[in-house]
Amino acid sequence: MARDDIPAERIHDVHGGESSAGRYVLYWMQQAQRADFNHALELAVRRANERRLPVVVGFALDAGFPEANLRHFTFMTEGLRGTAQTLERRGIHFVLRAGVPEAVIPELAREAALLVMDRGYLRLQRQWRQAVADAVACPVVEVESDVVVPVEVASEREELAARTLRPKIRRNLERFLRPVATPPVAESAKSGAPAGLDPAAPKALLRGLRINRSVGPAPGWEGGAAAARQRLRAFVRHGLDRYAEGRNEPADNIASGLSPYLHFGQISPVEVALAVRERRSEAPDAVQAFLDELVVRRELSMNFVWHNPRYDQYEGVPAWARETLERHRGDPREATYTEEELAQGRTADPYWNAAQRQMVAGGKMHGYMRMYWGKRLIEWHRHPADAFRIALRLNNMYELDGRDANAFAGVAWCFGKHDQPWPEHPVFGKVRCMKPSGLERKFDMPRYLAANP
DNA sequence: ATCGGCTCGCGCAA
DNA sequence: TGCGCGAAGCCGAT
């Protein structure tokens, strides 16, 4: 009964249920789409071993997931293929079914002694979990495995900025920054386990589903834990040394490139943080800077979407920012563009166009350019709420890591969230502005343009 | 090239 | 109550 390696603060008993009879322990995999460093999976294994029952992992593939398209589904199902293989090798059966979780999971849970689910912070993920928990008779446990420090442990309130969350994360970091043990599975899944779709061939799988195909797969990005780990190793060995000083240079791609994998839960932030921390004596500044982004700022985004029900609307940004933006609504705009012109990167700003094209073609925009890109949209719209809506829509359509808590916090930041007031400028008011001249002053922009034709 | 000022609200010291 | 300081700013002065 070695449970102590899964901190109690990661585990929430949702309800006790009616009976504990059943043929297996069901783990509904949703946010943590991986077989390693997965606290929810490992809790399911421990509880199944106690009961001498096998573990079944169920996944509901919702073809109608809001704003998801072929780009996202390709990356996600590539990941599920590897996850299924790793689970089956460990004697855990993986069941993939098409449909919304509210329909798929209660069906699978009818024969379960216990339902374990992982945790998600976005509105839809919370609604899903509520609906699933309400619909199943067996006991239900929710296990957090998407952040290093569980959101409520870090802070009970909506934090103002990174600086107010940072000390709260730091004092809890050591406690949660540890690997989780992987005990052998006592009862392997046998024949008679529930049937599902074949995850081994993602392309064939997606051909059979009615998904939005308006955006194609992102070249150069292969989904899955193996690809994620390869990137992590390369970053720890070669990228980290230049990270502290070079990560903002748009023409270089010094970042880890892990955000799509983190978004789909294909790699654990705990695994990433532990691997990067190995090098803290050789590259202390880079390790510090990276962990600040991976843990403090990423988990600030979770804090934002968890505590602010308007995280995906203009109304979610602070009052001082909205007031100052409103006051400047009458300021002349240098240009306005249709959504199509924006999507195609056909504005008068070559840097913005290059950033847009980088995102459309490659599925990921450089981190610094994401800020500039969002700031410029404010300048090109009569009302900041329109800019907010379009920024989110474009981001979520083309970014592999779109629709992430970080996507919502990142867009909101451009409008003043998690930031402070600055001297007044036209259109922006006291919200921090960013101008093309700033890019030219600091970075090698001709090289960025050449890299994103 | 580098530096201070701009502006708001929190967290801490007093 | 006062003071320092912050997710990547700009601008003008030196």
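Convention: sequence-line order gives letters A, B, ...; per-chain numbering from 1.
Between Phe304(A) and Trp413(A), the ring centre distance reaches or exceeds 6.0 Å. Aromatic pair Phe235(A)/Tyr243(A): centroids less than 6.0 angstrom apart.
The CG atom of Leu177(A) sits 7.5 Å away from atom CG of Leu291(A), with the distance rounded to the nearest 0.5 Å. Between the CG atom in Asn406(A) and the CZ atom in Arg297(A) there is a gap of 11.0 Å [rounded to 0.5 Å].
Using a 4.0 Å heavy-atom cutoff across all strands shown, Trp320(A) reaches no nucleic acid atom at all. At the heavy-atom level, Glu293(A) lies under 4.0 Å from base atoms of the strands shown.
The distance between atom CG of Asn248(A) and atom C1' of dA7(C), rounded to the nearest whole Å, is 10 Å. The nearest whole Å value for the distance from the NZ atom in Lys417(A) to the C1' atom in dC10(B) is 13 Å. Spacing between atom CG of Leu160(A) and atom P of dT7(B) amounts to 18 Å, rounded to whole angstrom units. Rounded to whole Å, the distance from CG on Leu165(A) to P on dG6(C) is 15 Å. The distance from atom NE2 of His425(A) to atom P of dG5(B) is 17 Å, rounded to the nearest whole Å. Across the protein-nucleic acid pair, Ile169(A) atom CD1 and dA7(C) atom P stand 13 Å apart, rounded to whole Å. Atom CG in Asp292(A) sits roughly 12 Å away from atom P in dG6(C) (whole-Å rounding). Arg322(A) has its CZ atom 16 Å from the P atom of dC8(B), to the nearest Å.
With both ends at atom C1', the span from dA7(C) to dA1(B) equals 24 Å, rounded to whole Å. With both ends at atom P, the span from dT1(C) to dT7(B) equals 23 Å, rounded to whole Å. Spacing between dG9(C) and dG9(B) at atom P, rounded to whole Å, works out to 23 Å.
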Protein-nucleotides 11-14 of chain B N/O pairs under 3.5 Å:
{"unit_1": "dG11(B)", "atom_1": "OP1", "unit_2": "Arg157(A)", "atom_2": "NH2", "d": "2.5"}
{"unit_1": "dG11(B)", "atom_1": "OP2", "unit_2": "Arg157(A)", "atom_2": "NH2", "d": "3.4"}

**Message:** With side chain to side chain contact (heavy atoms under 4.5 Å, CB included) as the criterion, how do Glu339(A) and Arg389(A) come out once you've worked through the C-alpha distance, each side chain's angles and the decisive distance to 0.1 Å?
**Reply:** CA-CA 11 Å; Glu339(A) 193 170 338; Arg389(A) 206 164 27 244; over 6 Å; no
**Prompt:** Which is it for Met359(A) and Met369(A) under the side chain to side chain contact (heavy atoms under 4.5 Å, CB included) test, yes or no, and what are the steps along the way?
**Reply:** CA-CA 10 Å; Met359(A) 174 173 73; Met369(A) 292 306 292; over 6 Å; no
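For dG9(C), the OP1/OP2 oxygens have a side-chain nitrogen or oxygen of Tyr368(A) closer than 4.0 Å. In terms of phosphate contacts, Arg166(A) brings a side-chain nitrogen or oxygen within less than 4.0 Å of OP1 or OP2 of dA7(C). For the pair Arg441(A) and dG9(C), the criterion of a side-chain N or O lying under 4.0 Å from OP1 or OP2 is not met. Residue Lys435(A) places no side-chain N or O under 4.0 Å from the OP1 or OP2 atom of dG9(C). Residue Lys442(A) places none of its side-chain N or O atoms closer than 4.0 Å to OP1 or OP2 of dT2(B).
No hydrogens or angles considered: a donor-acceptor pair under 3.5 Å links the side chains of Ser145(A) and Arg34(A). Side-chain contact, Ser214(A) with Asn212(A): a donor N or O sits under 3.5 Å from an acceptor N or O.
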**Request:** Report the secondary structure of DNA chain B in dot-bracket form, marking unpaired bases with a dot and bases paired to a different strand with |, and treating Watson-Crick or G-U pairs with both distances under 3.5 Å as paired.
**Result:** ||||||.||||||.
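Under a cut-off of 6.0 angstrom, the local environment of CZ in Arg210(A) is sparse, with at most 12 non-hydrogen atoms contributed by other residues, nucleotides or ligands.
Note: Phe264(A) and His72(A) have tilted aromatic rings, judged against thresholds of 30 and 60 degrees for the angle between ring planes.
Across dA7(C), dC10(C), dT7(B), the shortest atom-to-atom separation from the side chain of Gln420(A) is found for dT7(B).
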